[in-house]
Amino acid sequence: MQRDEAVGVTDPSLNWGSDVVAEMLRRLGIEYVCINPGSSFRGLHDSLVNYLGNERPTLLLSLHEESAVAVAHGYAKAAGKPMAVVLHSNVGLMLGMMSVFNAWCDRVPILMLGATGAVDSAVRRNWIDWLHTSRDQGALIRNFVKWDDQPASPAAAIEAILRANMMACTQPCGPSYVALDRRLQEDVLSEPIKFPNMDLFLPPVAAAPSIETVEKAASMLAGSNRPAMLVGRVSRSKQDWDARIRLAEMLGARVITDLRFGAAFPTGHALHGAPPDLFLTEGNRRILADADVVLSLGWDDLADVMRQAINDGAQRAQTIHVSVDHHVHNGWSGDHQRLAPVDLRIAVEPDMILAPLIEALHKRSIAPARPDEAKPHATAPGQRKSSKPTLRDIGVALRKARGNRALCLARVPLNWPAGAYPFEHPMDYLGYDGGGAVGSGPGMTVGAALALKGSDRLTVGLMGDGEFIGGATGIWTAAHYRIPLLIVVANNRSYYTDEVQQEAVALARNRPTQNKWIGQRLDNPPVDIPGLARDLGFETEATVEDQADIAAALERGLAAVESGRSYLLDIAIEPTDGSSMEWLNHH
Ligand SMILES: Cc1ncc(C[n+]2csc(CCOP(=O)(O)OP(=O)(O)O)c2C)c(N)n1
Ligand SMILES: [Mg+2]
């Protein structure tokens with residue numbers, strides 16, 4: 001990565017309030033601070049550059065606050081630790097809000113700092129400082145952050161930042177927010193500052209389940225003839241991944257995973273159900289309907305998948321739900337999903353059950369169940385209408401083009417036919433955006449690529465044209481800081497998912513479906529996506545129109561990324577009615 005060098009920073013001393021804040025970020029080990037600049041935090045900006053020399057942490061400039069937070073989101077997913085973001089007083093916070101919601105729903109830690117014009121109106125600068133001073137800015141986002149504060153002194157800021165970091169990184173993780181008064185930042189320190197021992201403020205270690213609870217779960221599972229595992233939001237660790245495989249194999253349990261969450265189980269494993277999707281597919285529904293005991297490891301909408309499973313009269317399976325997610329459920333947001341009836345609720349982080357459960361089952365030396373049903377497959381590809389690529393073609397071509405390279409898919413488009421591209425490692429796929437808010441794809445891909453830079457993985461973000469265009473300016477950050485990544489835009493020149501919605505409504509009302517494109521198509525003029533990418537500093541090429549050309553184009557893109565460049569491929573696709581479309585048509 002290329003850092004913007006600060007010059008003339010020699011032996012700076014800790015003098016100003018904002019120096020204390022910057023120092024705290026360094027002591028917490030924060031590597032990057034993503035910003036769109038603003039005068040409300042000019043004090044902190046100066047401290048990061050001229051006190052710390054723009055090193056540990058390094059500033060990242062983003063062209064929009066929505067992307068700045070999305071960059072931090074993608075980074076945390078790939079790095080497993082938070083980045084800091086600074087959001088300009090009220091207006092910057094407002095622009096960043098959608099991405100804060102995404103990070104909240106995705107349980108991803110972000111250390112967010114904000115600012116206010118001087119709280120003391122007697123020293124407030126005219127006009128803009130007044131506009132950008134609002135009381136209780138935390139109220140804008142309080143319903144979807146772990147914690148927020150507005151400290152009134154540098155000493156109080158130290159504690160606020162410590163707590164914000166600790167809260168953000170405590171499972172279930174999430175963003176937290178500290179607003180820094182402009183005056184607090186810009187006043188000279190009036191007394192010596194004593195920094196705490198950071199080791200005394202680490203997030204708590206994960207709790208283990210009690211022996212009795214593990215025994216109860218083990219006896220339910222050991223007594224099962226057709227166990228199933230729903231594997232949702234779990235860790236990115238390879239050790240946990242291997243333990244999940246071991247557990248499934250011991251039990252002979254069928255395993256269901258989902259595209260909302262990062263890769264959680266090898267999709268090619270004989271026990272893995274139908275390819276992961278954003279909605280419950282028929283193959284997986286049948287597995288659940290057939291199961292007698294279901295073990296949910298961090299599956300967020302357990303109630304709804306089980307309801308769908310038993311809607312054809314199947315017997316309700318006994319359920320074990322391992323999750324700490326309830327700690328952050330609140331009355332404002334429905335991200336907690338429907339309340340599930342559960343036979344055994346185990347309040348530990350999902351992966352904490354693996355080792356003790358395996359141990360308990362081992363002692364019982366159970367014989368694994370033998371699932372009799374053949375492995376369900378993805379729905380067969382439909383009749384090809386033209387040589388225009390489909391999403392499936394992109395998946396197949398990507399698999400071919402990657403060769404022996406390890407990739408990390410930071411994002412896949414809506415309707416991604418996961419069956420076309422296997423997940424074989426927890427870092428193969430990072431999961432979706434959390435909040436279902438279109439536009440975060442570019443920023444999240446940049447953040448993930450930053451975290452993976454220099455590793456053995458190349459970062460690829462695949463996304464729809466609507467998704468890309470919504471957050472396109474986010475890619476400039478990768479171009480400027482030389483963060484290698486490949487963006488693949490699956491371009492159907494439409495907000496196509498919503499065309500299907502309009503079609504569904506028209507059908508239900510017996511009205512013409514031919515008008516479904518109105519207010520949806522991104523055409524006339526089409527957005528010149530390669531042009532947009534080129535203007536933002538990316539290498540690119542002409543839109544790929546023929547499926548026969550995709551593999552070679554992806555090969556060029558991956559080779560560019562391998563040599564440290566940022567590349568975008570625009571692929572014109574045939575709209576595909578994937579399983580989420582089927583789902584939409586029935587809801
Ligand atoms: C912020 C926001 N605005 C609007 C929507 C509604 N929405 C859901 S999917 C979608 C279309 C996305 O278009 P694209 O990324 O091109 O994917 P496609 O549906 O064409 O496959 C829209 C607009 C949303 N989820 N979030
Ligand atoms: Mg589209």
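Each ligand, and each atom within it, is numbered from 1 in the order the structure gives. Computed from a predicted model, the values in this text were never measured in an experiment.
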Enumerated ligand 1 atoms positioned under 4.0 Å from heavy atoms of G436: 24 (C), 25 (N), 26 (N)

Metal environment of the Mg ion (ligand 2), protein N/O/S under 2.8 Å: D465 OD1, N492 OD1, S494 O

Full working for side chain to side chain contact (heavy atoms under 4.5 Å, CB included) between L113 and L87: CA-CA 6 Å; L113 302 175; L87 297 164; over 6 Å; no

Donor-acceptor contact present, side-chain R236 to main-chain P426, <3.5 Å: yes

Proximity flag N415 to ligand 1, non-hydrogen atoms under 4.0 Å: no

Ligand-side contact atoms (ligand 1) for residue partner M98, heavy atom cut-off under 4.0 Å: 1 (C)

Ring-ring centroid check H336 H326, cutoff 6.0 Å: no

Proximity of Y75 and Y32 rings by center, below 6.0 Å: yes

Proximal atoms of ligand 1 relative to N492 (non-hydrogen, under 4.0 Å): 18 (P), 20 (O), 21 (O)

R392-Y421 side chain donor-acceptor pair, cut-off 3.5 Å: no

Non-hydrogen atom of M463 closer than 4.0 Å to ligand 1: no

Distance-only donor-acceptor check, side chains R457 and S455, under 3.5 Å: no

For E467, the ligand 1 atoms whose distance to one of its heavy atoms is below 4.0 Å: 14 (P), 15 (O)

Test applied, salt bridge (charged side-chain N to carboxylate O under 4.0 Å, His left out); reference residue, R260; option that passes from D106, D277, D301: D301

A437 heavy atom under 4.0 Å from ligand 1: yes

Parallel, tilted or perpendicular, as decided by the 30° and 60° cut-offs, for the rings of F41 and H45: parallel

Test item, S494 contacting ligand 1 (heavy atom, 4.0 angstrom): yes

Closest candidate by heavy atom, reference atom 16 (O) of ligand 1, pool I573, D465, V489: D465

salt_bridge(D546, K388) N-O dist < 4.0 Å: no

E555/R402 salt bridge by N-O under 4.0 Å criterion: no

Proximal candidate to atom 10 (C) of ligand 1 [heavy atom criterion; set D498, I469, T497]: D498

Proximal atoms of ligand 1 relative to G466 (non-hydrogen, under 4.0 Å): 13 (O), 14 (P), 15 (O), 16 (O)

More than 12 heavy atoms of other groups within 6.0 Å of W517 CH2: no

